[in-house]
Amino acid sequence: METVTFDISHVRLGDRPLIVCDVDDVVLQFIDPFQRFLLSEGHELLPRSFRLHGNIVSKDGVALEDIHVSRLVETFFERQEEWQLPVSLAAETLSRLSAEADIVFLTAMPPVYADQRRRLLDRFGLTHPLLAAREPKGPIVKMLHGARPLPVAFIDDMAVNLHSVREHVDNCLLLHLMPVSEIHRFAPAAMDGTPRVKNWNEAASMIGRHFAEANAARSLTAANPAA
């Protein structure tokens, strides 16, 4: 049985629906600025599969060792404030959704870089609570939502994270949102029944419908407790 010990004490949820949202390539651009960062360091990303290790090469075309790639990723996270910008419509859409739902950012990155990410999100008005973790996302979303009889939605660009949440959180709307890029052409598809959304407008429409349907079902149950 998968368990997780993780500090979520700074997250305060109201009696409202919950949206848990990935950050890189969902709220903040990642792959495009990371490619520009690599070029500034004298390297290049050659997308031949959906991974960074093995696909980053030096000027002479030789693939960098995994340890070097990991260091480059960590350096990028350390300097993310110099490179990353919001995904189109993310800030505006989340601002509208926050009128009816609590929003929590759940980012898959070393927590040591969480302060930089917090400052970066705040700069663009994305002030919702932030959790940075390397652990599977499903147990963390389960900890956040608990047994609350309220609708919940989860948005991510990685199929593995969507699968994890599906395994741990019942009746959660899962949305697969990722950018159009060469490397994302190799991204694994999410499980059947998980909508792929092209942008934040589509995501907001699906979230709105999910919340409305869930709230209607709750009202019906309350009106007919013996049903």
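Computed from heavy atoms alone, side chains included, the values below leave out hydrogens, waters and symmetry copies.
Of the charged side-chain nitrogens involved, at least one lies within less than 4.0 Å of a carboxylate oxygen, so that Arg185 and Glu182 count as a salt-bridged pair. Salt bridge annotation for Asp66-Arg51: absent, with no cationic side-chain nitrogen under 4.0 angstrom from a carboxylate oxygen.
Heavy-atom contacts from other residues, nucleotides or ligands closer than 6.0 Å to CD of Glu82 number more than 12. Atom CG of Asp60 is surrounded by more than 12 heavy atoms from other residues, nucleotides or ligands within 6.0 Å.
Not counting sequence neighbours, the partners of Gln35 by the side-chain contact (heavy atoms from CB on, under 4.5 Å) test are Ile31, Asp32, Leu45. With sequence neighbours excluded, the residues satisfying side-chain contact (heavy atoms from CB on, under 4.5 Å) with Asp115 are Arg119.
Without hydrogens or angle criteria, Gln80 side chain to Phe77 main chain gives a donor-acceptor distance under 3.5 Å. With hydrogens and angles disregarded, no donor-acceptor distance shorter than 3.5 Å links the side chain of Arg148 to the backbone of Asp15. Judged purely by atom type and a 3.5 angstrom limit, Ser164 has no side-chain atom pairing as donor or acceptor with the backbone of Val160. Counting only distance, with no hydrogens or angles, the side chain of His176 and the backbone of Asp157 share a donor-acceptor pair below 3.5 Å.
No continuous path of ILVMFWY side-chain contacts below 4.5 Å connects Met178 to Val165, so the two sit in separate hydrophobic clusters. Hydrophobic clustering keeps Leu126 apart from Val11 (ILVMFWY residues linked when any side-chain heavy atoms are closer than 4.5 Å, directly or through intermediates).
In this structure, Trp83 and Phe76 have tilted ring planes: the angle between them lies in the 30° to 60° band.
Between Pro195 and Met206 the shortest heavy-atom distance is CG-CE, 3.5 Å. Here the shortest heavy-atom pairing between Leu18 and Leu13 reads CD1-CD2, 3.9 Å. Taking every heavy atom of both residues into account, Ala101 and Ile19 meet most closely at CB-CD1, 4.0 Å. Taking all atoms of both residues into account, the shortest heavy-atom contact from Phe124 to Ala91 is O-CB, 4.0 Å. In plain terms, the two heavy atoms of Ser95 and Ser98 that are nearest each other are O-OG, 2.6 Å.
Remark: Ile140 CD1 to Ile8 CD1 distance equals 9.0 Å, nearest 0.5 Å. For the atom pair Glu41 CD and Lys59 NZ, the distance stands at 10.5 Å (nearest 0.5 Å). Taken to the nearest 0.5 Å, the CG atom of Asp25 stands 10.5 Å off from the CG atom of Asp156. Gln29 CD to Ser181 OG: the interatomic distance, rounded to the nearest 0.5 Å, is 11.5 Å.
For residues 194-212, the set of pairs meeting the side-chain hydrogen bond (donor to acceptor under 3.5 Å, both in side chains) definition, not counting sequence neighbours, is empty.
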inquiry  = Evaluate Leu52 against Phe34 for side chain to side chain contact (heavy atoms under 4.5 Å, CB included), listing each step before the verdict.
reply    = CA-CA 10 Å; Leu52 299 179; Phe34 184 65; 4.0 Å; yes
